[in-house]
Amino acid sequence: MLVRLSLEADGEESTAPLPGRTAGQPTDSGTKWRPATGRDIKSREEQEKDARRFVESRGGRYVYTYEEPDTSAWKRKRVRLPDGTVAYRVIRPVFEGALDDLKRGTAPDGQRLDGLIVYDIDRLTRDNRHLEDAIEVVENFHRPIIDITGTLDLLTDNGRTVARLLVTVANKSSADTARRVRRKHRALQQAGIPTGSTRPFGYKDDKRTLDPKEAALLRKAVERILTGASPRAIAAEWNKQGLTTTRGNRWNKGAVKQVLRNPRICGYRSRKVHEFNPEAGTESTRVEPVFNDDGEPVRGQWDPIISVSDWETVTELIGRNPEPGDAHNARKYLGSGILRCDKNGCGGRLRAMKAPASRNKPEGFFYYTCPDKRSGYGCGGIRISGPDTDTALKMLVIAKYEEEAEEREATTVPEEWQGEADLARVREDISDWTEQREQRTVSKERFFAFLAKAEATERRLVNERNEWRRRVLRAKGEPIDLRGAWDDLDFVEKRAYVEKTLLTVLVGPAIRPGGPVWNRLTPIYREED
């Protein structure tokens with residue numbers, strides 16, 4: 001028996017008919033009792049009862065139930081075929097396993113299996129490809145697949161023809177339903193109505209009202225991103241505070257970026273867009289604003305957390321240049337990937353190496369060393385104390401950060417960006433030319449020649465505006481006391497500050513044994529984009 005539909009109740013409340021109980025009263029097990037309703041009639045169980053009764057009333061023996069809850073018999077998913085190509089298929093492992101068992105004539109529990117019964121043909125499949133698989137089993141292995149309504153007959157040519165027609169009709173019905181659902185979602189998007197089963201971070205369960213604590217965290221996170229922090233550092237800080245995502249998971253770099261990139265936080269209604277790359281065979285998902293018929297972003301029915309300009313700026317920053325300061329690797333030492341050998345212009349990356357026991361160093365002591373010549377990655381001529389070097393890196397980062405903080409305080413940023421009129425003019429020109437092209441009053445050659453130049457100018461002006469906004473926020477923002485906060489940062493955050501500040505640090509040969517490491521380090525700072 002194959003049963004596919006499942007309307008199980010939540011299981012969090014007792015529905016047993018307990019005399020003298022009123023709704024909401026706790027039971028002995030601690031759950032709340034409520035009166036039974038139609039929701040408690042489980043379709044899966046009813047299908048199984050009817051099928052068992054059908055088989056046993058005809059002298060058969062019911063041996064096994066293939067349960068396939070919450071699985072679509074119509075919706076296709078992207079899969080990679082054995083030859084490496086990409087295709088879209090209905091994925092039903094339970095159904096396919098049932099057909100395999102039917103070929104062998106053995107149920108999963110080892111009992112003899114002579115046939116398969118379903119409640120109705122649309123419980124078997126709504127996909128013609130799967131129907132043909134079922135027909136193949138019936139024809140070649142002589143084990144029937146029937147339904148209790150009598151409409152499914154795969155044993156005869158006429159029955160198979162009727163089954164193909166019925167599956168085609170069921171497939172059309174599912175396609176019609178999917179079209180209506182898509183249309184409904186588009187209407188919800190255009191009206192700015194929030195949807196989804198999980199509340200967004202920063203909002204309460206109604207998806208409209210701000211959660212004051214989480215909204216404040218997001219505003220602070222945006223400010224920190226715009227003043228130099230990395231998404232991974234923010235994730236580490238939130239994890240340290242015991243915060244979780246709205247699904248109860250720990251924060252990571254990707255989760256922070258996902259929240260900050262979502263147009264919802266600036267008040268725009270958003271939607272997910274799936275893009276398939278046929279060359280790579282990969283599919284990516286991004287979130288973008290919903291636009292109305294006039295090309296304007298749709299405002300959602302909720303309060304924004306940050307301004308549109310701040311959202312545009314932070315999205316540009318984390319999307320344009322995510323690598324520096326991202327601490328994306330699993331480094332164990334502060335200088336890994338930063339230090340390079342400066343002996344005779346070697347340039348090899350220094351590696352951390354634990355001190356051998358023969359040197360009688362404290363537990364955990366290590367060196368940064370240039371790889372041996374035989375490795376092909378260095379000259380083997382540099383070795384420097386790891387702990388002392390990490391301390392030096394710390395002081396270099398703090399000193400540079402404090403220097404930049406002073407410069408920001410001394411910098412006067414114009415209250416208004418001078419290019420706003422130019423940007424508006426370029427966008428107006430693009431709109432006018434696009435309208436003329438739609439009316440065929442300009443040739444496509446002239447249109448695309450203009451469009452390439454205009455869009456390049458638009459991108460340049462947008463970047464200039466975002467940089468101006470960033471400078472304004474950095475000038476207004478209160479910088480972190482990095483010197484006082486350093487020891488409280490976890491390793492990922494420290495690495496983020498090191499990578500954000502230093503492009504590399506050259507390590508020269510020792511001038512004299514036991515000399516300070518400062519004299520051997522030549523820092524090369526990362527310039528801001």
Side-chain angles (χ1 to χ4, degrees), residues 1-9 41-77 79 81-82 87-175 177-178:
M1 168 62 182
L2 176 69
V3 291
R4 190 171 58 79
L5 182 64
S6 177
L7 298 177
E8 302 288 350
I41 304 301
K42 301 173 177 59
S43 177
R44 180 190 61 78
E45 293 181 359
E46 296 304 307
Q47 289 181 36
E48 182 178 346
K49 287 178 183 178
D50 290 346
R52 186 182 295 274
R53 188 180 302 112
F54 180 88
V55 171
E56 293 175 351
S57 66
R58 287 158 176 79
R61 186 165 62 92
Y62 190 101
V63 298
Y64 190 81
T65 300
Y66 291 91
E67 296 187 18
E68 197 179 32
D70 306 320
T71 301
S72 173
W74 173 80
K75 189 173 182 180
R76 292 174 173 83
K77 296 181 180 179
V79 297
L81 301 178
Y88 285 82
R89 296 286 186 269
V90 177
I91 306 300
R92 295 179 62 192
V94 174
F95 169 83
E96 293 165 2
L99 293 187
D100 289 340
D101 291 345
L102 202 55
K103 293 176 184 178
R104 292 191 299 268
T106 305
D109 59 3
Q111 297 189 71
R112 176 180 168 182
L113 186 64
D114 294 324
L116 185 68
I117 187 170
V118 295
Y119 191 81
D120 198 0
I121 188 170
D122 66 350
R123 299 297 89 188
L124 176 68
T125 182
R126 293 183 175 221
D127 178 67
N128 295 92
R129 183 179 286 108
H130 279 167
L131 175 63
E132 295 303 324
D133 291 341
I135 291 174
E136 177 189 349
V137 173
V138 174
E139 281 191 299
N140 297 325
F141 294 88
H142 310 292
R143 294 191 176 93
I145 299 177
I146 61 176
D147 66 345
I148 66 176
T149 63
T151 59
L152 179 61
D153 175 18
L154 302 183
L155 297 171
T156 65
D157 289 338
N158 287 339
R160 288 189 286 270
T161 300
V162 171
R164 291 184 178 108
L165 292 173
L166 292 175
V167 167
T168 300
V169 171
N171 187 284
K172 176 65 165 58
S173 175
S174 294
T177 300

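Just so you know, these numbers use all the heavy atoms, side chains as well, and skip hydrogens, waters and symmetry mates.
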> What's the shortest heavy-atom distance between A134 and L124, and which atoms?
Replying inline: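 Closest pair (atom of A134, atom of L124, distance): CB-CD2, 4.5 Å.
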> What pair of heavy atoms forms the shortest contact from A107 to L113, and how long is it?
Replying inline: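 What the structure gives for the nearest pair is N-CB, 3.8 Å.
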Can you list the residues that meet the side-chain hydrogen bond (donor to acceptor under 3.5 Å, both in side chains) rule with [X], with sequence neighbours excluded?
| X | result |
| --- | --- |
| D114 | R112 |
| E136 | none |
| R89 | none |
| N140 | none |

Is any side-chain heavy atom of [X] less than 4.5 Å from a side-chain heavy atom of [Y]?
| X | Y | answer |
| --- | --- | --- |
| I148 | Y119 | yes |
| R126 | S173 | yes |
| L131 | V167 | yes |

[X] side, atom [atom1]; [Y] side, atom [atom2] - distance, nearest 0.5 Å:
| X | Y | atom1 | atom2 | result |
| --- | --- | --- | --- | --- |
| T125 | N171 | OG1 | CG | 8.5 Å |
| R92 | H130 | CZ | NE2 | 6.5 Å |
| I117 | Q47 | CD1 | CD | 11.0 Å |
| L166 | I121 | CG | CD1 | 5.0 Å |

>> Does this structure show an ion pair linking E132 with R129, if we count only N-O contacts that are shorter than 4.0 Å?
In response: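 No, E132 and R129 are not salt-bridged.
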> Listed by chain and number, what are the salt bridge (Lys or Arg N to Asp or Glu O under 4.0 Å) partners of R76, not counting sequence neighbours?
Replying inline: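 For R76, the residues satisfying salt bridge (Lys or Arg N to Asp or Glu O under 4.0 Å) (neighbours in sequence not counted) are D127.
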>> K77: which residues meet the salt bridge (Lys or Arg N to Asp or Glu O under 4.0 Å) condition with it, sequence neighbours left out?
In response: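 Here no residue qualifies.
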Donor-acceptor pairs under 3.5 angstrom involving side-chain atoms of residues 95-104: please list them, not counting sequence neighbours.
residue, atom, partner, partner atom, Å
D101, OD1, R104, NH2, 2.3
D101, OD2, Y66, OH, 2.7

Determine all donor-acceptor pairs shorter than 3.5 Å in which one atom belongs to a side chain in residues 52-59; sequence neighbours excluded.
residue, atom, partner, partner atom, Å
R52, NH2, E48, OE2, 3.3
R53, NH1, D50, OD1, 3.0
S57, OG, R53, O, 3.0
S57, OG, F54, O, 2.9
R58, NH1, F54, O, 3.2

Table please: side-chain donor-acceptor pairs of residues 154-163 below 3.5 Å, with sequence neighbours left out.
residue, atom, partner, partner atom, Å
T156, OG1, D153, OD2, 3.0
T156, OG1, G159, N, 3.0
D157, OD1, R160, NH2, 2.4
R160, NH1, L154, O, 2.8
R160, NH2, E139, OE2, 3.4
T161, OG1, D157, O, 3.0

> Excluding sequence neighbours, so at least two apart, what forms side chain to side chain contact (heavy atoms under 4.5 Å, CB included) with A178?
Replying inline: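 Only W74, R182 meet the side chain to side chain contact (heavy atoms under 4.5 Å, CB included) criterion with A178.
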> What residues form a side chain to side chain contact (heavy atoms under 4.5 Å, CB included) with T149, not counting sequence neighbours?
Replying inline: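 Counting only residues at least two positions away or on another chain, T149 forms a side chain to side chain contact (heavy atoms under 4.5 Å, CB included) with D120, D147, T151.
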